[in-house]
Amino acid sequence: MTEQTTSSAYTASELIAIMAGRLLVDGQIVFAGVGIPLLAATLAQRNVAPKLTILFEGGVIGPFIRPGELPPSTNEQRCTRRANMVLPSTDVLLLLQRGYVDVGFMGGAQIDRYGNLNSSFIGPAEKPSIRLPGTGGGNDISSLTNMIVAMKHEKRRFVEKVDFITSPGWIDGRDSRARCGLPTGGMWRVVTDLAVMGFDAETREMEVLALHPGVSFAQVQDNTGFPLRRAREVGVTAPPRREELALIRELDPDRLYTA
Amino acid sequence: MTEQTTSSAYTASELIAIMAGRLLVDGQIVFAGVGIPLLAATLAQRNVAPKLTILFEGGVIGPFIRPGELPPSTNEQRCTRRANMVLPSTDVLLLLQRGYVDVGFMGGAQIDRYGNLNSSFIGPAEKPSIRLPGTGGGNDISSLTNMIVAMKHEKRRFVEKVDFITSPGWIDGRDSRARCGLPTGGMWRVVTDLAVMGFDAETREMEVLALHPGVSFAQVQDNTGFPLRRAREVGVTAPPRREELALIRELDPDRLYTA
Amino acid sequence: MTSDALVRDYDTLRRDLAARDRGLREKVTTLEQAATLVRDGDHVAIGGCTLSRTPMAMIWQLIRAGRRNLTVSRSITSTEGDLLFASGLAHTIVSSWFSQGIVWGISKVMRHHVENGLAAFEEWSHMAIGMRYRAGAMGVPFVPVRSMIGSDVARIRGDQVKPIRCPFTGEEVMAVPALNPNVALIHVQRADPYGNAQLDGLQFMDIDIAMAADKVILTTERIVSNDQIRRAPDHTRIPFFTVEAVVEVPYGSVPHECYGQYEPIFAQLDRYAALIAKDPVAGARQYLDDYVHGPKDWSDYLAKVGIDTLLTASRRGRVIFND
Amino acid sequence: MTSDALVRDYDTLRRDLAARDRGLREKVTTLEQAATLVRDGDHVAIGGCTLSRTPMAMIWQLIRAGRRNLTVSRSITSTEGDLLFASGLAHTIVSSWFSQGIVWGISKVMRHHVENGLAAFEEWSHMAIGMRYRAGAMGVPFVPVRSMIGSDVARIRGDQVKPIRCPFTGEEVMAVPALNPNVALIHVQRADPYGNAQLDGLQFMDIDIAMAADKVILTTERIVSNDQIRRAPDHTRIPFFTVEAVVEVPYGSVPHECYGQYEPIFAQLDRYAALIAKDPVAGARQYLDDYVHGPKDWSDYLAKVGIDTLLTASRRGRVIFND
C-alpha cells in the first residue's frame, strides 16, 4: 500500500483534482476543461486509466499534456501535444451530441441544489451586478453528457437556486430535465475540497456521498446554501497519496491552477 | 482571324464541346461533369477564360486536367491534378447551395420542352423498361444553379415530357419552378450538335437561339419531339476553329469522349 | 437498429453508442475476422466513391463469407455494386448513381436486378446522401437542404423526405432524414493499430460515414505507429474510437484506385465489362468464381490481376505527387 | 444585409454572392487597404479562438482606422474583445465566452462595458455559434441542435432560437439561425496571392466562417506561390473565391499565438492584465495609446513588444513540431 498524507500536505485545489481524478474510469472519453479538470484527467490517465481519452473544446482528441506546459485555455497549441487528432471546434462539440463522450468535466462558479451551473450572471441578466465570462462549451457539454464538476465548497457558490442556468443540471429536479427536452446526460458528481456529492436518483437533489478525511457532514452543510441530503451510507475518501500529489506538482509546477 | 473548318473536319461530340465551351465567361465558377462538359470547360479555360474555375462533384476546386489523362469520373485522382483545393464531396455540393457556383454543366440523357432532365428511368419508375444510372449530383446542381446541358440532338432524347424529372429545369414552365420551392438557378442553355437553345423568359419553353453552320431550323425541329420556339433573331454559330479542334484532340487523344 | 425505422430514435442511438468500447486499444485483425462484425440484414455504408478508395478487399471477403440481405449505401456505386447484387450480398443499394462508369455505359447487372425486381436501387441526390450521413454524424434526426425539391427524385422517396418550414424565415425547405449505418467499410492510405486514420486526397463522405456508423471496419494500405499519428494530429481524419477493426490490405481497393497509391486497373475493369456485356448473369457469376471465390486469399487475387498491371497502376498512382 | 434581420433571406443571400468577383485573381494588399473593406455597422466574424490565431493585426488596423458600431462574433473572445469595446469599434460581441483567459480572471473591461450598458455581450453556447456559422456556410436558414435547451442561455435569446419538430421522429429539437457575417477576419500560417489558405493545427470555426461570410480578409504569416498550394490541394482549407484581400503580416496574431509559429506573448498579456486591473477604462485607454495608436506601423508595434520576447515565443511555438 502506498503512503498517505495529511491535510496540511496539500492545497484545496490539489485535493479536488485528486479526488475528481479518481472518479474517472479506464477507457472513458472525457470532455475536459483546463485547470483542475485537465489535471484530474491527466492524473487518472497516468495512474490507472491509460486507455482514457481527453477531449478539448478547441478541437482536440487524446492529447498528452507536457508537465509544466499547461495550456492557458482549451484552445492553444499546448492542448494538441501528442494528440491523436485535431478537428474543428464545432465538430469536437458535435461528438457530445452524437454520444461519443462518457463524461464532461468542468469547473463551476455557482451551483444549485439540482446541479444547475451558473457562469453567466450574478444578479438579474438584464442588469447584472457581475457579468461572468459565460458558457463557453459548458451549456453544450452539460446538455449532452454526464457531468463531473470540480469546485471550491463555499456557501456563496452552493446556492438554493442559481441566478441563471448557464449549464443545465437536473433543472427543477425529478424528471424536469427530460421534460425540458434533454433526454440524455445530467449532473453526476460534484467534487469539492470538502466532499464528493451526487444526486438522488428520484428527486435529483444534491446528496453527500463521501466526506474527505477530517471533514464532518455538518461542516459541508455549513458551507452549503441549501439543505444537503445524505446518501444511505456516507463514505470517507482515502487521503491523497504521495504519488498523486507528486504527479499533480509535476504537471503544475508553477501552481497555475493548484495554488 | 483564325482559320475555320468545315463540318466534315470534326465529330458531333467535338462540335458540341467547342460550342458549349464558348458559352463560358472568364472568372466564372463552373460545376462540371466529366466528358464533354470537362472538355468544354478546359477549352474555355485555356483559350479565353484563364480565371475560370472548374469544380468536380468528387470534391475538387480548380484543377487543370492533364491532356491524355482524362478522369473516368469526377471522383478519381486525375480530377485533382494541380487543383487549388480538395474537400469532402458533400461540401463541394454545398457550394452550390450557398451560391458560389455560376454555372452547372452536364450531359443529358433525355430533356423536355421545359428543360427538365431525366437520367433515372425510361418507362414508369415502378417498372422501368430501362433503369438509368440516376441523378448523381445532377439533381443538386440543376436545383441550385444556372445550367448548361450538352447532348446529342435526337428525337428520342428531346421529348415533350420526360418520363421522370431527375434534374429539374423549368418544371411546367412559367413560374412553376419557383413555386415548387426552387427560387434560384434554372436551365439556361442546351447545346447540341445541331444548335444552341435557350428558354423563353416568360413561358420557359425551349427556343432555338443559334444554328450551327449548315443546319436549318427545320432540321432541328425534325430531331425534336416537341414544337420548338424560335428566338426573335436566330443566329448562326461560327464554325469550330482549328486551334479549338487541336486542343480538344490534345485533351482527348484516345477519343474517349469525342468519338 | 430496427431495420424498418427510417431514423433511429435518439435514446436508442445514444444507448447503442454508450455500449461501444471506446477505449484506446489495438484492433488489428484479419479480413476473415473483420467480416464477422457484419451481420446479415445490416445497413452497410461504403466509403470512397465510384472507382476511388473502394474498400474492395472487405467487400470481397464479405461475399466469400456468404453474408446476405444487406442494405448498402454509397455516394456513387460502381462495379462493387454489381458484385453486391450478383452475389446476393445486398438486396438494396442506396445511392445517387449506379453504373460501372460513364465510359462503360449503363450497368447491365444493375439493370438486370432492378428491372426484374430482384433487388432495389434506391435513388437519392448526391448531396442528400451526404447530408443524411452528416445528420447521422451530428446526432440530429434531420437536416434541411434545398435540393430534391420539385423533382421526381423526391416524389418516389415518398415519406422519406419532407418539407419543413424555417421557424425564422418562414420559407419551406426539404428535410432529409439522418442515416446511421450499422457498419461502415472504409479504405485508407494509413492508419495506426487503434484506428486513427489518415486520408490523402479525395475524402468523399468518409468522415461523416465514420462518425455516423455504429462501427467502422477500416482497411488500410499500411499500418503505421500511433507515434506517427501523434506527430501530425491535424492530418488524422477518422478518430480511433469510431473504429472496431483495422486490417492491413495492400492494394485493398483493386481494381479501383487508391489516391496517390495506384490508379484504377483499367484492364481489369475492361475485362469485367466485356464479361457482363454478353450476359449479365453468367458474366457476373464467372467473374465472382474467377476473382472472388476462386483465389485462396487476397494476394492470390492480386496475382490473378497481375503483378505488371499492379506496378503500372502504382506508377500512375504516384505521379500525382511528382509535380 | 439588413442589419436587423436575424437570418438573411435566401434571395438576398444569393444575390449578394452572385455579385462577388470569384475569378482567380491576385488580392495581395496592405492592412490599410484591407481595412477599407469593412464598413461601419458591419457584422464582422473573427477567426481563431481565445488566444489562438487571432487576426490581431487586422483588428489593430481597424481600430486605428476608426471604424465604429461593428457587431463582432467569435467562438470565444479574449483580449481582442476588450480592445473592440474600449476603442468603440464594436457595440456588440456575440460569443460563448468573454474574458482574457481563465488564469487572469474575469475581464474588467468587459464587465465595465456590459454592466454599465455601454455595450452588449450576446451569449450563445459554443456549439450553437459554430452551428450558426455552419448553417450560414451551407446556405440553409437554420440547423437543428440538441443544446441550449432548458437553459437560461436559450431563454435570454428570446426569438433567436426556436424549438422545431422533426418531421420524421416527431421529437422536438432546437433550431439555431444561420449567421452570414458581412466580413470575416482570419489569420493563417500560409496563403497564396489568390487567397487559397492552409491552416496548421487547430482550425476552430474558421472554415465555416469563411464560407458563410460575404468576404474574407485574410492575414497570413507568409504568402506562398499558387504552385505550392497546387502541390498539396488536400491541405487547402479556405478556397480563394471566398477571399477579398490577402495581407502578409508576420507575427500577425501577437500577443496571441499562431500554431506552430509562436506561443502567446505571456509577458505582454500580463502587462495588459496589470494595466486594466487598476482601472479598466484608463488602463485600456493607455494600452490602446501605447500599442495601437502609438506605433507607426505593425513592425513598430512588434518592436515595442520586444524582439527577445518574440524570439522566445517563436522557439516555444515551433517545439510542437519537434517530437
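A note on names: the letters A, B, ... follow the listed sequences, proteins ahead of strands, and every chain is numbered from 1.
For the pair I217(D) and A34(D), the tightest heavy-atom approach, listed with the atom from each and the gap, is CD1-O, 3.4 Å.
Annotation: residues 26-40 of chain B contacts chain D through G27(B), I29(B) [non-hydrogen atoms, separation under 4.5 Å].
Using a 4.5 Å cut-off between heavy atoms, A212(D) contacts chain B through its backbone alone, with no side-chain atom that close. Heavy atoms closer than 4.5 Å to chain D are found in the backbone of V101(B), but not in its side chain. Interface residue L95(B): only side-chain heavy atoms are found under 4.5 Å from chain D. Only the backbone of R237(D) has a heavy atom closer than 4.5 Å to any heavy atom of chain B. For I238(D), the part lying under 4.5 angstrom from a heavy atom of chain B is the backbone only.
In this model, a donor atom of one side chain and an acceptor atom of the other lie less than 3.5 Å apart for E257(D) and S52(D).
One finds the CE atom of M147(B) at 3.5 Å from the CE atom of M106(B) (value rounded to the nearest 0.5 Å).
Using a 4.0 Å cut-off between a side-chain N of Lys or Arg and a carboxylate O of Asp or Glu, R190(D) and D200(D) qualify as a salt bridge. Using a 4.0 Å cut-off between charged nitrogen and carboxylate oxygen, R53(D) and D206(D) count as a salt-bridge pair. A salt bridge does not link E171(D) with R165(D): none of the charged nitrogens is closer than 4.0 Å to a carboxylate oxygen.
Comparing L24(D), D11(D), N196(D) by heavy-atom pairs within less than 4.5 Å of chain B, the highest count is held by L24(D). Chain B forms the most heavy-atom pairs under 4.5 Å with one residue out of Q198(D), R22(D), R25(D), H235(D), and that residue is R22(D).
Listed by first then second residue, pairs satisfying salt bridge (charged side-chain N to carboxylate O under 4.0 Å, His left out) with a partner in residues 82-94 of chain B read R82(B)-D227(D), D91(B)-R134(C), not counting sequence neighbours.
Between the side chain of T12(D) and the backbone N or O of R8(D) there is no donor-acceptor pair closer than 3.5 Å.
In this structure, the ring of F241(D) has its center less than 6.0 angstrom from the ring center of Y100(B).
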